[in-house]
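Keep in mind the model is a prediction, meaning the values are calculated, not measured. The first residue of the sequence shown is numbered 1, and numbering continues consecutively from there.
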Amino acid sequence: MEDNTENLDNLSNAESAGKADERFETIIGLETHVELSTKTKMFCGCRLSFGEKPNSNTCPVCLGHPGSLPVVNKKAVEYAMKIALALNCRINEYTIFHRKNYFYPDMTKNYQISQFDIPIGVGGFVDVNMGDYVRRVGITRVHMEEDAGKLVHSGTTGRISEADYSIGDFNRAGTPLIEIVTEPEIKSPLEAKQYMITLRNILLYLDVSDCSMEEGSLRCDANISVKLKGSDKLGTRAEIKNLNSFKFIQKALEYEVGRQISLINSGKKVIQQTRHYDDKTQSTKALRSKEEAHDYRYFPDPDLVPININESWIKEVRDSIPELPNQKEQRYNDKFGLSDYDSSLLASDFEISCYFEKALASYDSNAKGICNWLMGDFSAFLNKDQISINESKIKPEHLAGLVKLIDDGKISSKIAKSVFEEMYLKGTDPNEIIKEKGLEQISDEHELESIIKEVINNNPDAVNQYKSGKVKAIGFLVGQVMQKTKGKANPTLVNEIIIKKLS
Ligand code: ADP
Ligand code: MG
Ligand code: ZN
């Protein structure tokens with residue numbers, strides 16, 4: 001068989017994107033790995049760690065010494081159950097571990113303990129909100145396994161190809177890992193990205209992982225194929241390994257769609273293989289063909305007993321599942337009267353929804369007001385600085401305080417914008433800012449009246465226009481008052497007083 005993929009490997013992005021072809025349909029299935037945030041590892045008592053002294057959290061079990069015996073971490077099983085249940089899976093009441101045999105220096109046992117034909121959860125789904133439609137993605141399986149160690153390659157680049165030697169750090173070896181496999185039901189790179197965002201959000205709600213894509217606690221392999229529209233036979237897939245950002249997932253898959261369609265259009269075949277995405281070239285490259293990599297000689301691990309999960313254990317775990325994003329969305333809708341749109345935006349980001357609820361806890365009379373800041377100026381500032389809400393200096397109670405100041409008529413919404421900016425930069429309490437800068441809205445009628453008198457005297461033209469029926473002229477007069485007070489006058493009150501004086 002001829003491998004004719006390679007000559008098309010380095011298609012430029014423009015070329016591949018240009019080849020996107022209406023006659024084809026994209027099919028994607030994702031395999032996501034999540035490192036659990038249990039205190040200890042999957043089969044031993046070693047502490048989980050990240051960024052600590054190499055090999056400081058290891059023992060004979062996670063180093064794979066002969067004769068050492070693994071023991072299942074009950075907490076990890078419960079976390080796996082939580083995930084499976086939250087993804088609407090059925091829990092297998094009898095579940096076992098297999099050995100997946102292969103050699104790699106980051107895994108000293110020469111096999112990984114994983115699950116094979118009886119995973120802990122099967123047959124679930126996730127609803128992915130795409131804005132104008134919802135894509136229901138089937139979850140084939142949720143299974144438990146262990147992470148491998150890490151190789152640290154010498155040299156400045158950290159690449160194996162440029163290293164004289166590599167050293168093994170086994171702190172990560174044995175970290176509980178959950179794999180979540182979807183049905184081939186995702187229909188576009190954008191849906192794939194949105195699925196990952198939705199899944200990450202659910203996992204954060206469940207509090208089972210820190211889901212840090214940068215640190216590798218959440219990563220995904222994306223399988224993708226194209227087929228002619230209407231055909232019920234799936235095309236040959238490529239698997240892109242270890243995508244660790246939402247952006248890369250979408251970009252890598254977009255590149256792949258173009259590459260596969262180009263191949264087919266030029267009479268060639270897509271071959272089943274594992275590929276790697278390189279963001280520098282924004283393209284994928286072949287790593288190995290799937291067939292040769294694939295015989296893992298799975299067999300049940302004789303060192304581990306099967307796990308029996310009875311109804312009452314399932315119920316106990318089910319009851320411990322917190323409110324999930326779709327339930328939260330419903331509650332925001334019902335309890336705070338927020339629109340579907342607002343509720344879904346708030347609930348679809350775990351950090352933002354926590355922040356929102358903290359803000360509400362200190363001022364609960366204007367959920368919509370708080371929501372508007374979160375979705376408007378606040379989001380814009382965070383986007384600009386590329387930081388998350390938890391990294392911002394503004395405390396939730398201070399945001400609530402700002403909304404209260406507006407609601408109480410103490411500051412105008414225009415002044416609020418500049419107060420917000422100050423809060424964002426320094427993290428100061430808005431009450432302090434307005435006191436310190438004398439920004440409090442002037443609602444004192446006497447104080448306003450003297451300013452208004454002056455404005456009326458200085459602007460006879462506008463006054464005459466108003467008196468001769470040009471109602472709009474009042475806007476000019478109000479504007480003058482606002483200018484004189486540096487935006488601090490209460491505009492509604494100013495309006496009332498001027499009308500009274502001129503009638
Ligand atoms: P493996 O373990 O060899 O990677 P699986 O059968 O477990 O294979 O499938 C892995 C993933 O690939 C699943 O998410 C599945 O939905 C997806 N998949 C399978 N066939 C295709 C295909 N033809 N096109 C796109 N995705 C596919
Ligand atoms: Mg796979
Ligand atoms: Zn250990």
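We find that Lys227 and Glu25 are joined by a salt bridge, their nearest charged nitrogen and carboxylate oxygen being less than 4.0 Å apart. With respect to the salt-bridge test (charged N to carboxylate O, under 4.0 angstrom), the residues Glu145 and Lys100 do not qualify.
Residues Met42 and Val72 meet the side-chain proximity criterion, which asks for heavy atoms closer than 4.5 Å. Looking at Asp295 and Arg297, their side chains come closer than 4.5 Å, going by heavy atoms from C-beta outward. For the pair Ile139 and Cys89, the minimum side-chain heavy-atom distance is below 4.5 Å. Inter-residue side-chain proximity for Gln112 and Tyr102 is flagged as met; some heavy-atom pair is nearer than 4.5 Å. Within the 4.5 Å cutoff, the side chain of Glu93 has heavy atoms near those of the Glu311 side chain. Contact check for His143 versus His98: no side-chain heavy atoms found under the 4.5 Å cut-off. Looking only at side-chain heavy atoms (C-beta outward), Val152 and Pro54 stay at 4.5 Å or farther from each other. Between Leu324 and Gln327 the shortest side-chain heavy-atom distance falls below 4.5 Å.
Put simply, the side chain of Arg99 never gets that close to the backbone of Phe299: no donor and acceptor are under 3.5 Å apart. With Asp221 contributing its side chain and Asn242 its backbone, the two residues share a donor-acceptor pair below 3.5 Å. Looking only at distances, a side-chain donor or acceptor of Ser56 sits under 3.5 Å from a matching main-chain atom of Lys53. Of the possible polar contacts, one joining the Thr140 side chain to the Glu183 backbone as a donor-acceptor pair under 3.5 Å is found. Asn57 contributes no side-chain N or O that, together with a main-chain N or O of Phe50, makes up a donor-acceptor pair within less than 3.5 Å. For Tyr195 (side chain) and Val137 (main-chain N/O), no donor-acceptor pair under 3.5 Å exists by modelled atom type. Between the side chain of Thr175 and the main chain of Asp147, no donor-acceptor pair closer than 3.5 Å is present. In this structure, Asn129 contributes its side chain and Val134 its backbone to no donor-acceptor pair below 3.5 Å. Although no hydrogens or angles enter the test, the distance criterion places a donor-acceptor pair under 3.5 Å between the side chain of Arg200 and the main chain of Cys211. At distances below 3.5 Å, at least one donor-acceptor pair connects side-chain atoms of Gln115 with backbone N or O atoms of Ile96.
Here the straight-line distance linking atom OG of Ser188 with atom CD1 of Ile27 works out to 10.5 Å at 0.5 Å rounding. Here the CG atom belonging to Asn390 is positioned 9.5 Å from the CD1 atom belonging to Ile352, to the nearest 0.5 angstrom. Taken to the nearest 0.5 Å, the OG atom of Ser283 stands 7.5 Å off from the OH atom of Tyr277. With rounding to the nearest 0.5 Å, the separation of CD1 in Ile178 from OG in Ser209 is 10.0 Å. In this structure, Thr95 OG1 and Asp117 CG are separated by 9.0 Å, a value rounded to the nearest 0.5 Å. Note: Asp207 CG to Tyr79 OH = 6.5 Å, rounded to the nearest 0.5 Å.
Side-chain atoms of Tyr133 and Glu191 form a donor-acceptor pair, as typed in the model, at a separation below 3.5 Å. Remark: the Glu35 side chain and the Ser217 side chain contain no N/O donor-acceptor pair separated by less than 3.5 Å. Using a 3.5 Å distance cut-off with no hydrogens or angles, the side chains of Ser343 and Glu329 do not pair a donor with an acceptor. Remark: the Ser166 side chain and the His153 side chain contain an N/O donor-acceptor pair separated by less than 3.5 Å. For the residue pair Asn171 / Glu52, no side-chain donor-acceptor distance below 3.5 Å is found, with atom types taken as modelled. Looking at Arg237 and Asn223, their side chains do bring a donor and an acceptor atom within 3.5 Å of each other. Inspection of the Arg23 and Asn265 side chains reveals an N or O donor paired with an N or O acceptor under 3.5 Å.
Arg318 CZ: 12 or fewer foreign heavy atoms inside a 6.0 Å radius. At most 12 non-hydrogen atoms from other residues, nucleotides or ligands lie less than 6.0 angstrom from NZ of Lys315. Counting heavy-atom neighbours within 6.0 Å of Lys395 NZ, excluding the residue itself, gives a total of 12 or less. Heavy atoms of other residues, nucleotides or ligands lying less than 6.0 angstrom from CD of Glu391 number more than 12.
Not less than 6.0 angstrom separates the ring centroid of Phe116 from the ring centroid of Tyr296.
Pairs of residues two or more places apart, or lying in two chains, that qualify as side-chain hydrogen bond (donor to acceptor under 3.5 Å, both in side chains) and include a residue from residues 61-76 are Thr40-Asn73.
Nearest heavy-atom pair across Pro189 and Val257 is CG-CG2, 4.2 Å. Pro176 approaches Ala76 most closely through the heavy-atom pair CB-CB, 4.0 Å. Scanning all heavy atoms of the two residues, the minimum distance from Tyr424 to Ile387 falls at OH-CD1, 3.6 Å. Considering every non-hydrogen atom in both Met144 and Ala80, the closest pair reads CG-CB, 3.7 Å. Taking every heavy atom of both residues into account, Leu304 and Pro70 meet most closely at CD2-O, 3.7 Å. Summarising the geometry of Leu206 relative to Pro322, their closest heavy-atom pair is CD2-CD, 4.1 Å, with the distance given to 0.1 Å.
Every residue meeting the salt bridge (Lys or Arg N to Asp or Glu O under 4.0 Å) condition with Lys109, not counting sequence neighbours, appears here in chain and number order: Glu146. Partners of His276 according to the side chain to side chain donor-acceptor pair (under 3.5 Å) rule, which considers only residues two or more places apart in sequence or in another chain, do not exist here.
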Task: Residue pair Phe336, Asp342: steps toward the side chain to side chain contact (heavy atoms under 4.5 Å, CB included) verdict - done: CA-CA 11 Å; Phe336 304 123; Asp342 284 342; over 6 Å; no
TODO: I would like to know whether Leu345 and Tyr341 meet side chain to side chain contact (heavy atoms under 4.5 Å, CB included); could you show each step before the answer?
DONE: CA-CA 6 Å; Leu345 270 182; Tyr341 179 79; 3.5 Å; yes
- [ ] Start with the C-alpha gap between Ile113 and Asp303, add the side-chain angles, then the distance that decides, and say whether side chain to side chain contact (heavy atoms under 4.5 Å, CB included) holds.
- [x] CA-CA 10 Å; Ile113 304 177; Asp303 287 342; over 6 Å; no
Task: Stepwise side chain to side chain contact (heavy atoms under 4.5 Å, CB included) check, Val61 with Val71 - done: CA-CA 9 Å; Val61 173; Val71 177; over 6 Å; no
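A cation-pi geometry, defined here as NZ or CZ lying under 6.0 Å from the six-membered ring centre and within 45° of its normal, does not hold between Lys251 and Phe248.
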